[in-house]
Every structure is written in structure tokens, then in C-alpha cells.
Amino acid sequence: MMRLISIALDKSKVVDWESYPFTVPAVRAINKIEVRSRMLFFVGENGSGKSTLLEAIAGHYGFGPEGGNRNTQFASTETLSSIDPLRKALRLAFSKRTGKGFYLRAESFFNLATYVDNLGVAWAYGGTSLHNQSHGESFFAILENRIESSGLYMMDEPEAALSPQRQLAMLAMLHDIARNSEEIQFIIATHSPILLAYPGAQILSFDDGAIREISYRETQAYQIMNGFMSSPELYLHHLLREDQHSLFSNDVD
Ligand SMILES: Nc1ncnc2c1ncn2[C@@H]1O[C@H](COP(=O)(O)OP(=O)(O)OP(=O)(O)O)[C@@H](O)[C@H]1O
Ligand SMILES: [Mg+2]
């Protein structure tokens, strides 16, 4: 069974602790992370290091740092080099390594779409140029067409492209895929309280300078969304500490 089993940092391979990526607290504190689920989520505050580790794992596995699969290497050398020291110091244990899968970054989605167009391989992504579809449509086209029966599938904030409805659809799709193949594993950095609800997922928090496992209801994504949605008025009252009704109402008067 193809699976990432653990993520560790070989500290003897770290050349410079004073520069990125080792200046990121959660990254420099990596000890050994046991991966026990085929649905692994990275959560944490903006800037806590999720994309950094995701990118390093993707690079280690052989994916281009800007996304795509092993055959798409269109990254700038700058992106490559900044993450390189971490990639080299990472120790990843796999039960089997097929090399299949992809790495999807919202930030480089545009580049990936151009790359696919230039290669003339839009057929492999559903037949329509990714540029000629909406952000969410093209993202979904990739999910529907590029997930094979095995491999490592890594995504960085997929919810950026997706409506709540499509996030639910994505959840159902991932579940379908995972149920039909033991050989598939997902690693997803996300802030989405919908995606994080995936049953049996392992959630790693990057907050407070360390990577540790937390439960769904312990995530900020869940707690803040839940608190906010259960009473937006009360939440805003505490947050803004003023009568927020007066802020914009004058505009229309
Ligand atoms: N190339 C770089 N050089 C120096 N610092 C960087 C570089 N890339 C990212 N950083 C810094 O490293 C930290 C972690 O960034 P990272 O992108 O991994 O955060 P993140 O958890 O993915 O955040 P977000 O939720 O906003 O996507 C941030 O403080 C960021 O400013
Ligand atoms: Mg990020």
C-alpha cells in the first residue's frame, strides 16, 4: 500500500538555522510526525508554515514546486532554492512510493493552466482549457480528471476556488476516491471547516511553534466559524465594540 508513514527532520542536515525555512517556528521544531491517516490536514494561522512544509514534501516526492505532477517542472529557480534546505533535511518514510499524484497550489494555478495549454494536453484535464473555465470549475476539472487509482495528492487551500456547495461535493468526491482505492493519500493545507470535517482525518496544527495533532473541534477554523455563525451580531459586537449598524447605514441615507 502506497502511503506516507512519517515525516522527520534530520537536524544534522540543517546548515543554517537562522534563515528561511528554519526560521519558521513550527518547521524548526519538527521532530517525528507519525502519519496514521490517508487524509492528512495541515491547519494553523497564516504564516505558521503549512505551505512551507507542504512544498518541501512535494519537492522531496518529486513534484514541481509550483504544482502539477512529476512531469510538470515549470517553477522559477527562486521558488526551488528557497525551500531546498528543508527538502534536503526532511526524512520521509513511505510504505511504497509510486511517484504518482499531484501537488496543487492556488497561487500557481494560473501558471499550471498556461503550462497545460502550451503542452496541448487540455484533453487530460477534461477537454476544455483551464483558462476558459471559472476558478472553481477548472479546479474541479483537475480533481475529476487527474486523480488516478494510486498516488500522493497534495493541495494547498483548495477551498480558495470552491463555493461551500463545491467544498461539500469535494468532500464526497474524496471520500468516493479513498473508498475505492487503498493506494491513495491526501495531504491538504486548509482553513475550511467543511473539508476538515472529513471522518477519520488526521489534523496537524502548526500553531504555537510546534506541529501537533488536534481534533476537528479544536481547530480555529471550526471554533471561529462556529462561534461566528451561531451569532454574527453578538460576535461583531464583541469584536468591534461599537454599534456596527451605524457604520455603513449613513451611506444610503
Ligand atoms: N521564500 C521565503 N523567504 C522567507 N520567508 C518566507 C518565504 N516564504 C514564506 N516565508 C515566511 O515563512 C512563514 C511561513 O509561511 P507559509 O507560506 O508556510 O505559511 P502558511 O502557514 O502556508 O500561511 P497561509 O495560511 O497564509 O497560507 C511566513 O512567516 C512567511 O512570511
Ligand atoms: Mg499557505
Side-chain angles (χ1 to χ4, degrees), residues 4 7-9 11 14-31 33 35 39-61 63-68 73-90 92 101-112 135-136 139 142 152-162 164 167 170 186-198 201-214 216 218-225 228:
L4 173 64
I7 304 164
L9 187 65
K11 299 199 161 80
V14 177
V15 180
D16 183 3
W17 288 99
E18 301 311 315
S19 60
Y20 179 81
F22 297 105
T23 45
V24 180
V27 169
R28 63 188 289 145
I30 293 175
N31 214 335
I33 303 161
V35 180
M39 184 63 74
L40 181 65
F41 287 116
F42 290 176
V43 300
E45 200 37 68
N46 291 133
S48 58
K50 305 178 298 294
S51 299
T52 299
L53 183 59
L54 203 62
E55 218 167 288
I57 295 173
H60 195 289
Y61 191 73
F63 298 147
E66 293 232 335
Q73 302 278 353
F74 54 86
S76 60
T77 48
E78 197 198 331
T79 329
L80 254 177
S81 59
S82 74
I83 210 71
D84 233 26
L86 176 58
R87 180 178 63 76
K88 286 177 180 153
L90 273 187
L92 304 181
F102 62 57
Y103 167 43
L104 272 187
R105 289 176 52 165
E107 294 137 293
S108 28
F109 199 77
F110 185 87
N111 295 348
L112 177 66
H135 192 194
F139 185 85
I142 292 179
L152 183 63
Y153 293 86
M154 308 181 65
M155 298 174 228
D156 201 348
E157 298 189 27
E159 70 271 20
L162 303 175
Q167 290 180 44
M170 177 176 168
F186 296 97
I187 307 180
I188 302 175
T190 184
H191 298 289
S192 164
I194 294 178
L195 296 181
L196 287 171
Y198 191 92
Q202 181 180 10
I203 302 175
L204 297 178
S205 159
F206 282 55
D207 286 333
D208 306 317
I211 299 179
R212 64 190 174 94
E213 189 170 340
I214 60 174
Y216 174 55
E218 285 175 309
T219 62
Q220 293 276 300
Y222 173 83
Q223 288 189 1
I224 292 178
M225 281 308 231
F228 187 85

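In listed order, ligands and their atoms are each counted from 1. Numbering of residues begins at 1 and proceeds along the displayed sequence. Bear in mind that the values here come from a model prediction, so they are computed numbers and not experimental data.
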Subject >> Validation row: Thr219, Phe41 side chains within 4.5 angstrom (heavy atoms) >> reply: no

Original post:
Side chain, backbone, both or neither: which part of Ser48 comes within less than 4.0 Å of ligand 1 when only heavy atoms are counted?
Top reply: both

Original post:
Can you tell if the side chain of Ile187 reaches within under 4.5 Å of the side chain of Val35, non-hydrogen atoms only?
Top reply: no

**OP:** Give the numbers and elements of all ligand 1 atoms closer than 4.0 Å to a heavy atom of Glu157.
**Re:** 24 (P), 25 (O), 27 (O)

**OP:** Report yes or no: does a heavy atom of His191 sit under 4.0 Å from some atom of ligand 1?
**Re:** yes

Subject >> Results of side-chain contact (heavy atoms from CB on, under 4.5 Å) for Ala161 - residues two or more places apart only >> reply: His135, Phe139

Original post:
Nearest 0.5 Å, what's the OG1-CG distance between Thr52 and Leu86?
Top reply: 7.5 Å

Original post:
Under 4.0 Å from any heavy atom of Ser82, which atoms of ligand 1 are there?
Top reply: 1 (N)

**OP:** Under 4.0 Å from a heavy atom of Ser51: give me the atoms of ligand 1 that qualify, with their elements.
**Re:** 17 (O), 18 (O), 20 (P), 22 (O), 27 (O)

Original post:
Side chains of Ile203 and Glu218: does their closest heavy-atom pair fall under 4.5 Å?
Top reply: no

Original post:
Does an N or O from Gly44, backbone or side chain, lie closer than 3.5 Å to an N or O of ligand 1?
Top reply: no

Original post:
Is the closest basic N to carboxylate O distance between Lys50 and Glu157 below 4.0 Å?
Top reply: no

Original post:
Going by distance only, is there an N or O of Val24 that falls short of 3.5 Å from an N or O of ligand 1?
Top reply: no

**OP:** Answer yes or no as to whether an N/O/S atom of Thr52 is found below 2.8 Å from the Mg ion (ligand 2).
**Re:** no

Subject >> Sub-4.0 Å atoms of ligand 1 with respect to non-hydrogen atoms of Glu45 >> reply: 21 (O)

Original post:
Quick one: ring pair (Phe, Tyr, Trp, His ring centres under 6.0 Å) partners of Phe42, sequence neighbours excluded?
Top reply: Phe206

Subject >> Element-labelled atoms of ligand 1 that are located less than 4.0 Å from some non-hydrogen atom of Thr52 >> reply: 14 (C), 15 (O), 16 (P), 18 (O)

